[in-house]
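Heads up: the structure comes next, in structure tokens.
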Amino acid sequence: LIPTLREDPGEAETVSHRLMLRAGLIRKVAAGIYTYLPLGLRVIRKIEQIVREEMNLAGAQELLMPIASPAELWRETGRWDYYGKELLRFKDRHERDFCLGPTHEEVITDLFRREVRSYRQLPLNFYQIQTKFRDEVRPRFGLMRGREFIMKDAYSFDSDEAGAKISYQKMYDAYTRIFTRCGLTFRAVEADTGLIGGDVSHEFMVLAETGEATVVYSDQDTYAANLERAEVLPPVDVDTSPLRPLTRIATPQHRTVEEVTAYLKIEPRQLVKTLLYKAGEHAVAVLIRGDHELNEVKLARLLHVTDVELASPEAVHTLTGTPVGFAGPVGLKGIPILADHALKGMRNFVVGANEADTHYQDANWDRDFQVDRFADLRNAKPGDPSPRGSGSLTLAKGIEVGQVFLLGTKYSKSMRATILDDQGKERLAVMGCYGIGVGRTAAAAIEQNHDDKGIIWPLPIAPFHVHLLTVSQSESSASAATRLYEALLAADIEVLWDDRSERAGVKFNDADLIGAPFQIVVGDKGLADGVVEIKVRRTGIKTRVALPDIVAHLRKLCVNADVTGAARPSSGR
RNA sequence: CGGGGCGUAGCGCAGCCCGGUAGCGCGCCUGCUUUGGGAGCAGGAUGUCGGAGGUUCAAAUCCUCUCGCCCCGACCA
């Protein structure tokens, strides 16, 4: 059974989602919840196998934790309240609270503290490949952002920082090998730690237009970070023109940067917008140059809160006495004023006047208002200088397929996971955690490897190496195909045989859609000359090969295609 | 959570404005022909029109409620 679809399903927009449905890899059960069909499951298993091999090689041990976990563990770390609606909660028949695990720091740390006593038992690294559930606000793009999804998660435990860093590096290296073996073009970037927490983190980003994340990287040095994290250096070019006197100016009905700058015939970079934010219980004003974007993650980090949000129009009115659109720092009382450090280089700029339909021209910080704190608060943009030395920054879209975290003692502290060190003293275990989205890796591979006919699988994760199709109904081609099929199986070549009595065109199109790296076409025409046709899906190149030479020929093709998988690390672990 | 859109045969859609026998294409079944890039002819099967309630002689169509799905946004003063 190959349930391919001739037409694009109405529900899918992105390439990988469409092709996964059309090629018969997945079917939707509910929003963000999918069944893996036989073909899709084979791809998932291939990726899992690569992950297993590399994790084992890196010294991690596989275990399997439950999907349901009791609320008490989550209450210990505070995440029962903190995680929000993404945590799908339910009660068992005794009215006890449970949730479906979105990640497993709590469960593994609980295991660790019960079982491990001594530093001699460390380092330890446990991993599992398991179904996770996160009740996403907006599931989309098929397996790219599902609610239920398969994840490889790993957790390392060390007796000190130095050890934890080594464990982290091992995982970083393993991830690099995993995604390389999967045939992906990716980048490891510095990342923020978000809900998981911790100190250091890298995300593995597959570069693709459909990515939901933005990657920032330098064109000349090795700097790469996601947009939330990417550092912006203080300005180098400082305006030294003489200060002009502050002037009020009427800007009737002109609120946005666009409107005000057009009205005043100035550039957005000569205007400073004043954003009012709610950070926990407090309000702050944030000054940002007109052509820059505020980075809320940076703001939250600076203020030591988990989340910030724009103040409501009502709150803006209370704080500034004006409707939204005319807030400004001059005369603003009672709340801290923060400014992006780009302002340090600015003079004689335009700001709101805290009065309807009015702005100030030629405002200057220090003279006209005080800034409580300058900081890096904006998003990087193309052309910004690299924060590590040389080159300028480029922005690209990426799909996050993996992330590694150096957690430190965040969880071992709240859950009191301690070990005895060589002095007999109790110490908190130092942890790391590491995740790979298995289904998302498959989707990302399709985003990077397809054409208008369908998927072009990288050999290591292809559901089958070879798609065998018989295009003639004759006895002779059926028996030739049977012999060939068995010969390929005997040679450990995975082959999908399309023996349906469909017309040739249907089979060709399905084969292209499903995207096995190689197609073997058996037909009466070729058999008359004792040959079959081998087509390389990616290049479209067809070769006529004599029957006895097929296995050898395929082997050669495989070696050429599998440049990544062939290069196995020769570590002694 | 806000905005927009869509639920009609297995799939893709029309019909709805203007109420009156539920349609088209693909797929599926039967037969004949065809057979190396999504075949042709002939015949055939398939629908609680997402669900509930209402209006009406009469509802896929109008009204109310509800469920599901998709897309955009949740970033600017």
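Note: hydrogens, waters and symmetry copies are ignored here, and every other heavy atom, side chains too, is used. Quick note on labels: first sequence line is chain A, next is B, and so on, each numbered from 1.
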Is there a donor and acceptor pair, one atom on the side chain of A/E502 and one on the base of B/G38, closer than 3.5 Å? no

Heavy-atom donor-acceptor pair, A/D8 side-chain to B/G12 base, under 3.5 Å: no

A/Y34 has an atom OH; how far is it from atom P of B/C69, in whole Å? 10 Å

Side chain A/R500 and base B/G38 donor-acceptor under 3.5 Å: no

Of B/C75, B/C69, B/A39, the nucleotide closest to the side chain of A/N379 is B/C75

Expressed as a whole number of angstroms, how long is the span from A/I26:CD1 to B/C11:C1'? 16 Å

Applying a 4.0 Å non-hydrogen cut-off, can you work out what A/V521 is touching in the nucleic acid: base, sugar-phosphate, or nothing? base

How about NZ on A/K278, more than 12 heavy atoms from neighbouring residues, nucleotides or ligands closer than 6.0 Å, or not? no

How do A/Q519 and A/A327 order along RNA chain B: which one's closest nucleotide is nearer the 5' end? A/Q519

I'd like the C1' distance from B/G47 over to B/G36, given in whole Å. 39 Å

Whole angstrom is fine here: how far is it from NZ in A/K28 over to P in B/C71? 9 Å

For the C1' atoms, the ones on B/A45 and on B/G20, what distance do you get once it is rounded to whole angstrom? 27 Å

Lys NZ or Arg CZ of A/K535 over A/F518 ring: under 6.0 Å, within 45°: no

Please examine the side chains of A/I288 and A/E293, heavy atoms only from C-beta on, and report whether any two atoms are closer than 4.5 Å. no

Report yes if a side-chain nitrogen or oxygen of A/R503 is closer than 4.0 Å to either non-bridging phosphate oxygen (OP1 or OP2) of B/A39; otherwise report no. yes

Mind checking the C1' distance from B/C24 to B/U66? Whole angstroms is fine. 31 Å

Among side-chain atoms of A/Y34 and A/E148, is any donor-acceptor pair under 3.5 angstrom? no

Any base atoms under 4.0 Å from A/R27, or only sugar-phosphate, or nothing? Heavy atoms, all strands. nothing

Same-atom distance (C1') from B/U46 to B/G51, integer angstrom: 22 Å

Could you work out the separation of B/A22 and B/U61 based on their C1' atoms and round it to a whole Å? 12 Å

Determine the Euclidean distance between corresponding C1' atoms of B/G2 and B/C63; express it in Å to zero decimal places. 26 Å

Counting heavy atoms from C-beta on, name the nucleotide in B/G38, B/A77, B/G37 closest to the side chain of A/V257. B/A77

Mind checking if A/E293 touches a base, just sugar-phosphate, or nothing, with heavy atoms under 4.0 Å? base

Taking B/C76, B/A39, B/C1 as options, the one with an atom nearest any side-chain atom of A/V137 is B/C1

Taking atom C1' in both B/C71 and B/A9, what distance in whole Å separates the two? 26 Å

Work out how far the C1' atom of B/U56 is from that of B/A60, and round it to whole angstrom. 16 Å

Take atom NZ of A/K91 as the centre, draw a 6.0 Å sphere, and report whether it contains more than 12 heavy atoms from other residues, nucleotides or ligands. yes

Does A/Q473, at its CD atom, have more than 12 non-hydrogen atoms belonging to other residues, nucleotides or ligands within less than 6.0 Å? yes

For atom CG of A/L469 and atom P of B/U35, their distance in whole Å: 19 Å

Counting side-chain heavy atoms from C-beta on, which of B/G38, B/C70, B/G36 comes nearest to A/R6? B/G38

